[in-house]
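Here's the structure we're looking at; comments come further down.
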Amino acid sequence: MLSVYRLTKRYEEFIAIQDISFCVKTGEIVGLIGHNGCGKSTTMNIITGYLAASEGTVLVDGEDHVERANSVRRKIGYLPETPALYPEMTVGEQLAFACELKGIKDKKSEIKRACQRADVQNVGGRLIRNLSKGYRQRIGLAQAFLGNPPLLVLDEPSSGLDPYQNAEMRDILKEASKEQAILLSSHVLSEVSAVCSRVVVLSNGRLMADDTPGGLRERLRRPGRFYVIGEGRMEEFRKAAQKSGWLSDIQVRSWERPGVFRAEFQAEKKDAAAKVFCILNETGVNLLQLGVDMPDLEESYFCLTKDQRHGSGDE
């Protein structure tokens, strides 16, 4: 649905993004992540037609967004970080106005459909200025749904939402992805991990990775790194592990509830599980979980973008 090929944007001597390539297929939610100034907003603005690229190509449903600009715009639903809403309008008036701008003729049925998808059908007569941040985000999303575009481009869709509203937004996006392609940017990596099937990582205008969240974690996994979650005497386990002679880089900390701890360690021997069971039995610790220690998405992100931020805050 969306194909970005070797995208570059220059401002005289400054290169905002360079040689960026990735794609988003129907049925996918792809997260675009990176530090402030990495080029996320520049990339999204080029995709949506707000900026012209210096080099490269953007195709939406096989159409070039320069050669077929008007057709491509109709195929994109865009939600900026701060939705473009008029506070003095009611929700119904705002969406009717958006229909006018998009050239949608059957406004009534289209507004009804978009409101149902964004779950805002109960606030159609209310003034936008009287709505919460969560509802305003969802009105902006309903506006992006108008016309049923095959591609949604969402800039920080969960910005400013509380945990309950975040969960609602995730459900809405997962449902939308069944028939649309979705590209979203976010600084909340736990949200990206929960909702995105793939992650595109940018740093200083360059593509650092394009993979699934699990693929990124596996790529940066340290061989021989394991973890144990146990219930019992944490300090006894720590001491026994340190004395074993075959465990190294041991990190032990309390975990989730009193009496439970998580231990992470490096084990070079192939029979690591058997050795850990011996230590657990020796110290009287009940085993709750044993597995390979995988970095989470946040750790993977830090590794990929380490020492890369230039700190301008501009994108």
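In this chain, numbering begins with 1 at the start of the sequence shown.
One finds a salt bridge joining Glu175 and Lys178 here, because a Lys/Arg side-chain nitrogen approaches an Asp/Glu carboxylate oxygen to under 4.0 Å. Using a cutoff of 4.0 Å between basic side-chain nitrogens and carboxylate oxygens, Lys105 and Glu110 are not scored as salt-bridged.
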Leu146 and Lys107: side chain to side chain contact (heavy atoms under 4.5 Å, CB included), yes or no, with the steps?
CA-CA 9 Å; Leu146 291 172; Lys107 298 177 189 176; over 6 Å; no

Val285 vs Phe261, test: side chain to side chain contact (heavy atoms under 4.5 Å, CB included). Steps then yes/no.
CA-CA 10 Å; Val285 171; Phe261 66 89; 3.7 Å; yes

Run the numbers on Gln137 and Glu168 for side chain to side chain contact (heavy atoms under 4.5 Å, CB included), then give the verdict.
CA-CA 11 Å; Gln137 286 292 101; Glu168 290 180 327; over 6 Å; no

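Taking the side chain as every heavy atom from C-beta outward, Leu131 and Val120 never approach each other to under 4.5 Å. Side-chain contact check for Asp155 versus Ser41: some heavy-atom pair is nearer than 4.5 Å. In this structure, the side chains of Lys25 and Val30 stay at 4.5 Å or more apart for every pair of heavy atoms. Within the 4.5 Å cutoff, the side chain of Leu183 has heavy atoms near those of the Leu32 side chain. Proximity of Ile111 to Cys99: side-chain heavy atoms (C-beta onward) are separated by under 4.5 Å at one or more points. Met1 places none of its side-chain heavy atoms less than 4.5 Å from the side chain of Glu28. Side chains of Phe145 and Gln180 form a contact here, defined as non-hydrogen atoms less than 4.5 Å apart. Using a 4.5 Å heavy-atom threshold, the side chains of Lys112 and Lys108 count as separate.
More than 12 heavy atoms of other residues, nucleotides or ligands lie within 6.0 Å of NZ in Lys133, so this atom counts as buried by the packing criterion. Within 6.0 Å of the CZ atom in Arg113, the count of heavy atoms belonging to other residues, nucleotides or ligands exceeds 12.
Taking hydrophobic clusters as Ile, Leu, Val, Met, Phe, Trp and Tyr residues chained together by side-chain heavy-atom distances below 4.5 Å, Phe302 shares a cluster with Ile33. If you chain together hydrophobic residues whose side chains sit under 4.5 Å apart, Met294 and Val276 fall into the same group. Tracing side-chain contacts under 4.5 Å through hydrophobic residues (I, L, V, M, F, W, Y), one reaches Leu287 starting from Phe237; they form part of the same cluster.
With Ser244 contributing its side chain and Ala241 its backbone, the two residues share a donor-acceptor pair below 3.5 Å. At least one donor-acceptor pair closer than 3.5 Å links the side chain of Arg136 to the backbone N or O of Ile128. A distance-only check finds a donor-acceptor pair linking the side chain of Thr8 to the backbone of Asp19 [under 3.5 Å]. Checking side-chain atoms of Thr90 against main-chain N and O of Glu93 turns up a donor-acceptor pair under 3.5 Å. No donor-acceptor distance shorter than 3.5 angstrom exists from the side chain of Thr26 to the backbone of Glu179, with no hydrogens or angles considered. Here the side chain of Ser54 pairs a donor or acceptor atom with the backbone of Arg10 at under 3.5 angstrom. Checked by atom type and distance alone, the side chain of Lys102 pairs as donor or acceptor with a backbone atom of Gln143 at under 3.5 Å. Using modelled atom types, one side-chain atom of Gln94 and one backbone atom of Tyr86 make a donor-acceptor pair closer than 3.5 Å.
Under the 3.5 Å distance criterion, with hydrogens and angles disregarded, no donor-acceptor pair is assigned to the side chains of Glu191 and Ser186. Side-chain contact of Gln165 with Tyr135: a donor-acceptor pair under 3.5 Å is absent, judged by distance alone.
With values rounded to the nearest 0.5 angstrom, Leu51 atom CG is found 5.0 Å from Asn45 atom CG. Note that the CZ atom of Phe226 and the CG atom of Leu247 stand 10.0 Å from one another [nearest 0.5 Å]. Atom CD1 of residue Ile139 and atom CG of residue Leu95 lie 6.0 Å apart, to the nearest 0.5 angstrom.
Ring planes of Tyr50 and Tyr78: tilted class, angle from 30 to 60°.
Shown here for Cys38 and Leu202, the closest heavy-atom pair between the two residues is CB-O, 3.7 Å. Between Val60 and Ile76, the closest heavy-atom pair is CG2-CD1, 4.2 Å. Listed here is the closest heavy atom pair of Val252 and Ala263: CG2-CB, 3.9 Å. Nearest heavy atoms, Cys196 versus Pro213: O-CG, 3.7 Å. Across all non-hydrogen atoms, the minimal contact from Ser185 to Pro157 is O-CD, 3.5 Å. Here the shortest heavy-atom pairing between Lys75 and Glu63 reads NZ-OE1, 3.3 Å.
For the side-chain hydrogen bond (donor to acceptor under 3.5 Å, both in side chains) with Asp293, the lone residue among Gln251, Arg262, Gln266 that qualifies is Arg262.
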